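Just so it is clear, the values below take in all heavy atoms, side chains as well, and ignore hydrogens, waters and symmetry mates. We number each residue from 1, following the sequence as shown. Source: prediction; values computed, not measured. One-based numbering, in listed order, for ligands and for the atoms of each.
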Amino acid sequence: MGTRSRPLEIVDRTPAIGSEIRTDLETLLSGREAETIRATLERRGVVFFRGLDISDEQQVAIANTLGSIVQNEGEGGIYKISLDTTVNQRAEYLKGSMFWHFDGSLQPYPNLATLLRAMKLSDSGGQTEFCNTYAAYEDLPDADKEAIAELRVVHSAERSQYYVRPEMSYDEITFWQKSPTKSCPMVWTHQSGRKSLLLGATADYVIGLPVEESRALLARLRDWATQPHYVYRHEWQPGDLLIWDNTGTMHRALPYAADSGRLMHRTVLAGEEPLN
Ligand code: OGA
Ligand code: MN
């Protein structure tokens, strides 16, 4: 160890989002390049490492060089993402991940970043798509920027469930309504000064707008932010370790079968910026 480490080689996959970082495991574990990796993550939205034989413990160790891990999900910092209820009891809820979202929209501090490692892939589907919500905001026409500058959006767990179960029963609706809702700005002004669009499957309605206008605006902005030139689609290979900046992107899994065996090991980095 220690003799063959090399600097990072960063290979952009699309102009606006997504880079492969080529390096070796020893460099990643040492934390020597952690600052560069974090800066690359913020600049590129998504980074991934391919061809490294990474264990669960090493995934957690790498995460620890980048931030502080959210410990309350999974065992030992690893949470299993699977649609198979024998692997993950919340599999039904995870179906919501097939629609554009960011993680932790209902939390005071949305997650900083998520690490996902491909343990087993689906024979078909199961790619993950990401869009750059910084770039999408920056490119908006000035009239739109002005119109949405002060808008606030109510996010709810209930709203995101309609994507998965369009005809929920009264009991189901009242169950989801027990989760508190959260009002978020439509434009997130980060501590860095950069701004990003804040949308996603939990976005229920815009405060103060008629319902039709509110729904139309949320859909129009999602269409805008998910145009092909803001999107990177990750075609997984076994063992890939991918990290997304959860504060400047949205993501979704492309459909795959619940019995496909697809399994991802996830580690989450705690948010460092409040979203008020
Ligand atoms: C997640 C998520 C997408 C995927 O883990 O938060 O949305 O492709 N995963 O599994
Ligand atoms: Mn997610």
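- Of all atoms in ligand 1, numbered sequentially from 1 with element shown, those under 4.0 Å from a heavy atom of W244 are 1 (C), 5 (O), 6 (O).
- Counting atoms of ligand 1 from 1 in the listed order, those under 4.0 Å from a heavy atom of I81 are 5 (O), 10 (O).
- Proximity of W236 to ligand 1 is not established, as no heavy-atom distance is less than 4.0 Å.
- The H101 neighbourhood of ligand 1 comprises atoms 7 (O), with distances under 4.0 Å to a heavy atom of that residue.
- Distance from atom 9 (N) of ligand 1 to its nearest protein heavy atom, with residue and atom name: L116 CD2, 4.1 Å.
- Remark: E235 CD is packed, more than 12 non-hydrogen atoms of other residues, nucleotides or ligands lying under 6.0 Å away.
- Residue, atom and distance of the protein heavy atom nearest to atom 8 (O) of ligand 1 are T128 OG1, 2.6 Å.
- The residue Q127 has no part lying near ligand 1, judged by heavy-atom distances below 4.0 Å.
- Short contacts between ligand 1 and H251, defined as distances under 4.0 Å to a heavy atom of the residue, involve ligand atoms 1 (C), 2 (C), 6 (O), 7 (O).
- Between F99 and H101, the ring center distance fails the sub-6.0 Å criterion.
- Ligand 1 does not have T114 within reach: every non-hydrogen atom of the residue lies 4.0 Å or more from it.
- In this structure, the separation between OG on S156 and CZ on R159 is 7.5 Å, given to the nearest 0.5 Å.
- Counting only protein atoms, the N, O or S atoms lying less than 2.8 Å from the Mn ion (ligand 2) are H101 NE2, D103 OD1, H251 NE2, ordered by chain and residue number.
- The existence of a salt bridge linking R117 and D56 is confirmed by a sub-4.0 Å separation between a basic side-chain nitrogen and an acidic carboxylate oxygen.
- Contact annotation for F130 and ligand 1: no heavy atom of the residue comes within less than 4.0 Å of the ligand.
- A distance of 9.0 Å separates OH of Y232 from OG of S19, quoted to the nearest 0.5 Å.
- When ring centroids are compared, H251 and F102 stay outside the 6.0 Å threshold.
- In this structure, NZ on K182 lies 14.5 Å from CG on D204, to the nearest 0.5 angstrom.
- For ligand 1, the atoms closer than 4.0 angstrom to any heavy atom of D103 are 6 (O).
- Under the salt bridge (charged side-chain N to carboxylate O under 4.0 Å, His left out) criterion, R220 pairs with D144, not counting sequence neighbours.
- Put simply, M186 and Y137 are part of the same group of oily side chains (I, L, V, M, F, W, Y) that touch within less than 4.5 Å, one to the next.
- Counting only heavy atoms of the protein, atom 1 (C) of ligand 1 lies nearest to R266 NH1, 3.2 Å.
- We find the CG-NE2 distance between D139 and H229 to be 6.0 Å, quoted to the nearest 0.5 Å.
- In summary, the atoms of ligand 1 found under 4.0 Å from a heavy atom of S97, numbered by their order in the structure, are 7 (O).
- E20 pairs with exactly one of R44, R50, R13 by the salt bridge (charged side-chain N to carboxylate O under 4.0 Å, His left out) rule, that one being R13.
- Scanning all protein heavy atoms for the shortest distance to atom 10 (O) of ligand 1 gives R262 NH1, 3.0 Å.
- Atom OG1 of T40 sits about 9.0 Å away from atom CG of D12, to the nearest 0.5 Å.
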**Q.** Verdict with supporting geometry, K195 and E138, salt bridge (Lys or Arg N to Asp or Glu O under 4.0 Å)
**A.** CA-CA 8 Å; K195 294 180 180 190; E138 283 154 16; over 6 Å; no
